[in-house]
Amino acid sequence: RVPRRIVFSRSLYLPEAIEATAARLDQVATASISTNEYEVEVLIEADPGYGEELYDSFCNHALFETIVMSRRLLGGTLA
């Protein structure tokens, strides 16, 4: 397993959304998360056989979760 470092800006992504996304990886990878005032850093360890798609999917889902959670905080829904 080779670790991959992904950094998300807290001005664009909710840490809770990134944590929710990381929790969904438990069947195929391990993720450790560290957060500071400006960013959320994720270290993902996965089998190299998953290729880049795993990391791209992780980033896309983190964005999706951020949008959904942000809408809920503002009183809206996804639909």
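Keep in mind that this is a model prediction, so the values were computed, not measured.
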Quiz item: For the residue pair A62 and A17, what are the closest heavy atoms and their distance?
Solution: O-CB, 3.9 Å
Quiz item: Can you tell me how far CG of L14 sits from CE of M69, rounded to the nearest 0.5 angstrom?
Solution: 7.0 Å
Quiz item: Quick one: OH on Y55 to CG on N60, what's the gap to the nearest 0.5 Å?
Solution: 15.0 Å
Quiz item: Got a second to check how far I44's CD1 is from Y50's OH, nearest 0.5 Å?
Solution: 12.5 Å
Quiz item: Going from OG1 on T66 to CZ on R10, what distance comes out if it is rounded to the nearest 0.5 angstrom?
Solution: 11.5 Å
Quiz item: Does the pair L54 and D47 meet the rule for a side chain to side chain contact (heavy atoms under 4.5 Å, CB included), with working shown?
Solution: CA-CA 10 Å; L54 177 73; D47 186 297; over 6 Å; no
Quiz item: Out of curiosity, does V28 fall in the hydrophobic cluster containing I33 (side-chain heavy atoms, cut-off under 4.5 Å, transitive links)?
Solution: yes
Practice problem: Hey, can you tell me if F58 and F8 have their rings parallel, tilted or perpendicular (30° and 60° cut-offs)? | Solution: tilted
Quiz item: What distance do E16 atom CD and S70 atom OG have between them, rounded to the nearest 0.5 Å?
Solution: 9.5 Å
Quiz item: OG1 of T35 to CD of E19: how many Å apart, nearest 0.5 Å?
Solution: 6.0 Å
Quiz prompt | V40 with L12, same ILVMFWY side-chain cluster at under 4.5 Å | solution = yes
